[in-house]
Amino acid sequence: MQSKHLSSHHIEITNQSTVGMAGIFIAIAILGIWAASLIFLLSFDLSKSNILEPLLAIILQTFIYTGLFITAHDAMHGVVFSRNTKVNHLLGTICLLFYGFLSYKTLIKKHWMHHRHPASELDPDFHDGKHKNFFAWYFYFMKNYWSWSQIIAWIIAYNTIHYILNIPHTNLILFWALPSLLSSLQLFYFGTFLTHREPPGGYVKPHFAQTISMPTWLSLITCYHFGYHKEHHEYPHLAWWQLPKIYKLNKLTNTELSIFK
């Protein structure tokens with residue numbers, strides 16, 4: 001009876017591996033929302049707004065920036081558009097370019113090192129054994145991904161947009177630069193720090209990853225279900241929007257196992 005339940009769940013999980021056309025539609029939607037919101041906010045007249053409006057805009061823009069990175073992350077796993085590898089990686093490249101002039105080729109190599117060697121000295125996302133607290137680990141993490149060419153690209157783009165398009169400094173900082181920075185904190189906290197720090201009972205092999213147990217709606221808001229991290233490492237071929245189903249199936253399976261004990 002126990003094996004029957006586990007077998008049925010395995011079949012259902014396996015059948016979810018085909019993303020189809022949904023991945024590319026979701027990716028294009030995120031890119032479109034990001035572009036439309038940024039164009040609107042860069043021309044937004046802050047002098048006619050109260051403090052709540054720009055604050056809400058920053059929060060929403062941060063969430064959209066996180067969506068850009070998550071889309072690029074899914075592209076690294078080949079699930080944005082699995083039917084065409086070139087289109088898949090092109091969308092990933094575009095998302096990282098808009099996110100913060102990050103190199104897709106560099107990140108895909110480092111990300112797969114992370115999956116092959118999680119929580120080890122070969123994992124580029126992991127701390128060095130000394131920088132274990134949140135901020136120390138975050139700065140150590142960022143140091144591994146930022147480069148001078150990226151910083152120069154930011155400076156050129158910033159000044160070009162400001163002087164040629166006559167976009168105010170305040171709008172650029174609040175709605176373009178700041179959300180990208182806040183998004184990196186969000187991604188690191190929910191996707192690396194909470195999910196890959198060593199738990200009290202020690203790491204669980206082979207993925208060295210743990211899931212942040214929370215309702216689906218909260219998981220979406222916090223980091224596009226990136227908190228379901230154990231599931232992501234177990235099923236890296238699944239898109240971010242498929243993780244809640246796997247999370248629920250795992251919970252159901254664990255509940256059934258406890259009943260059979």
Side-chain angles (χ1 to χ4, degrees), residues 22-75 80 91-102 104 107 134-135 138 141-142 145-146 150 153-154 157-158 160-162 165-195 212 214-229 232 239-244 247:
I24 193 168
F25 288 139
I26 292 173
I28 291 173
I30 290 174
L31 276 165
I33 293 170
W34 172 84
S37 63
L38 184 62
I39 291 170
F40 171 77
L41 290 172
L42 289 182
S43 59
F44 184 70
D45 189 352
L46 288 166
S47 64
K48 297 180 180 179
S49 67
N50 56 48
I51 191 171
L52 186 61
E53 290 175 334
L55 180 61
L56 181 60
I58 291 169
I59 293 172
L60 291 174
Q61 197 68 356
T62 299
F63 180 74
I64 298 169
Y65 262 96
T66 299
L68 282 181
F69 189 91
I70 293 295
T71 300
H73 165 266
D74 272 11
V80 168
L91 284 169
T93 301
I94 292 171
C95 284
L96 285 185
L97 177 66
F98 289 155
Y99 180 80
F101 303 103
L102 290 165
Y104 182 78
L107 259 69
F134 174 76
F135 287 105
Y138 171 74
F141 173 88
M142 293 298 290
Y145 285 95
W146 277 82
Q150 186 182 0
W154 266 102
Y158 181 95
T160 299
I161 295 171
H162 172 65
L165 300 180
N166 199 30
I167 302 297
H169 284 296
T170 306
N171 291 58
L172 279 168
I173 293 171
L174 291 181
F175 305 129
W176 183 53
L178 183 59
S180 180
L181 175 61
L182 293 176
S183 172
S184 71
L185 285 165
Q186 180 183 7
L187 285 160
F188 174 77
Y189 182 71
F190 290 103
T192 299
F193 180 73
L194 290 183
T195 56
I212 307 168
M214 62 179 69
T216 303
W217 65 270
L218 186 57
S219 172
L220 172 62
I221 292 173
T222 53
C223 204
Y224 291 76
H225 307 308
F226 218 41
Y228 298 150
H229 215 69
H232 168 59
W240 66 265
W241 41 271
Q242 293 179 297
L243 292 176
Y247 168 70

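Just so it is clear, the model here is predicted, and its values are computed rather than measured.
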List in chain and number order the residues that pass side-chain contact (heavy atoms from CB on, under 4.5 Å) with Thr170, two or more places apart in sequence or in another chain; answer none if no residue qualifies. Leu46, Leu174
On a heavy-atom basis, which atom in [X] and which in [Y] lie closest, and how many Å separate them?
X      : Y      : value
Phe175 : Ala57  : CE2-CB, 3.7 Å
Gly92  : Ala75  : CA-CB, 3.6 Å
Ile167 : Asn171 : CG2-CB, 4.2 Å
Ser37  : Gln61  : OG-OE1, 2.9 Å

Kindly compute the distance separating [atom1] ([X]) from [atom2] ([Y]), expressed to the nearest 0.5 Å.
X      : Y      : atom1 : atom2 : result
Tyr65  : Ile30  : OH    : CD1   : 14.0 Å
Ile94  : Ile28  : CD1   : CD1   : 9.5 Å
Leu55  : Ile59  : CG    : CD1   : 4.5 Å
Ile58  : Leu56  : CD1   : CG    : 9.5 Å
Ile212 : Leu218 : CD1   : CG    : 9.5 Å
Leu42  : Leu165 : CG    : CG    : 9.0 Å

Would you say the rings of [Y] and [X] are close, in the sense that their centroids are separated by under 6.0 Å?
X      : Y      : value
His229 : Phe190 : no
Phe101 : Trp154 : yes
Phe141 : Phe193 : no
Phe134 : Phe188 : yes

For side chain to side chain contact (heavy atoms under 4.5 Å, CB included), just list the numbers for Leu97 and Leu102, CA-CA rounded to whole Å, side-chain angles, deciding distance to a tenth of an Å, and then say yes or no. CA-CA 6 Å; Leu97 177 66; Leu102 290 165; over 6 Å; no
Can you find a pair of side-chain heavy atoms, one from [X] and one from [Y], that are under 4.5 Å apart?
X      : Y      : value
Leu96  : Leu107 : yes
Phe69  : Phe226 : no
Ile70  : Leu187 : yes
Leu185 : Tyr189 : no
Pro244 : Ser219 : no
Glu53  : Phe44  : yes

Backbone N or O of Leu243 within a donor-acceptor pair of the His225 side chain at under 3.5 Å?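 A pair under 3.5 Å: no.
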Measure from the side-chain N and O atoms of Ser43 to the backbone N and O of Ile39, and report whether any donor-acceptor pair falls under 3.5 Å. yes
Run the side chain to side chain contact (heavy atoms under 4.5 Å, CB included) test on Ile64 and Leu38 for me, step by step, so that the C-alpha distance in whole Å, both residues' side-chain angles and the decisive distance to 0.1 Å come before the verdict. CA-CA 10 Å; Ile64 298 169; Leu38 184 62; over 6 Å; no
Side chain to side chain contact (heavy atoms under 4.5 Å, CB included) assessment of Val80 paired with Thr71: CA-CA 7 Å; Val80 168; Thr71 300; 4.2 Å; yes
Is there a side chain to side chain contact (heavy atoms under 4.5 Å, CB included) between Tyr158 and His169? Walk through the geometry before answering. CA-CA 9 Å; Tyr158 181 95; His169 284 296; 2.7 Å; yes
Examine the side chains of Thr62 and Gln186 and answer whether a donor and an acceptor come within less than 3.5 Å of each other.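 There is no such pair (donor and acceptor under 3.5 Å, judged by atom type) between the side chains of Thr62 and Gln186.
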Checking side-chain polar atoms at under 3.5 Å, does Tyr99 have a donor or acceptor matched by the opposite partner on Thr66? no
Has Asn166 got more than 12 heavy atoms of other residues, nucleotides or ligands less than 6.0 Å from its CG?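 Not buried by this count: 12 neighbours or fewer within 6.0 Å.
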Do the rings of Tyr228 and Tyr247 sit parallel, tilted or perpendicular, given the 30° and 60° boundaries?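 Ring orientation, 0 to 90° scale: parallel.
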Parallel, tilted or perpendicular, judged at 30° and 60°: which one describes the rings of Phe98 and Trp34?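 Phe98 and Trp34: parallel rings.
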I would like to know whether Tyr138 and Ser184 meet side-chain hydrogen bond (donor to acceptor under 3.5 Å, both in side chains); could you show each step before the answer? CA-CA 9 Å; Tyr138 171 74; Ser184 71; 2.7 Å; yes
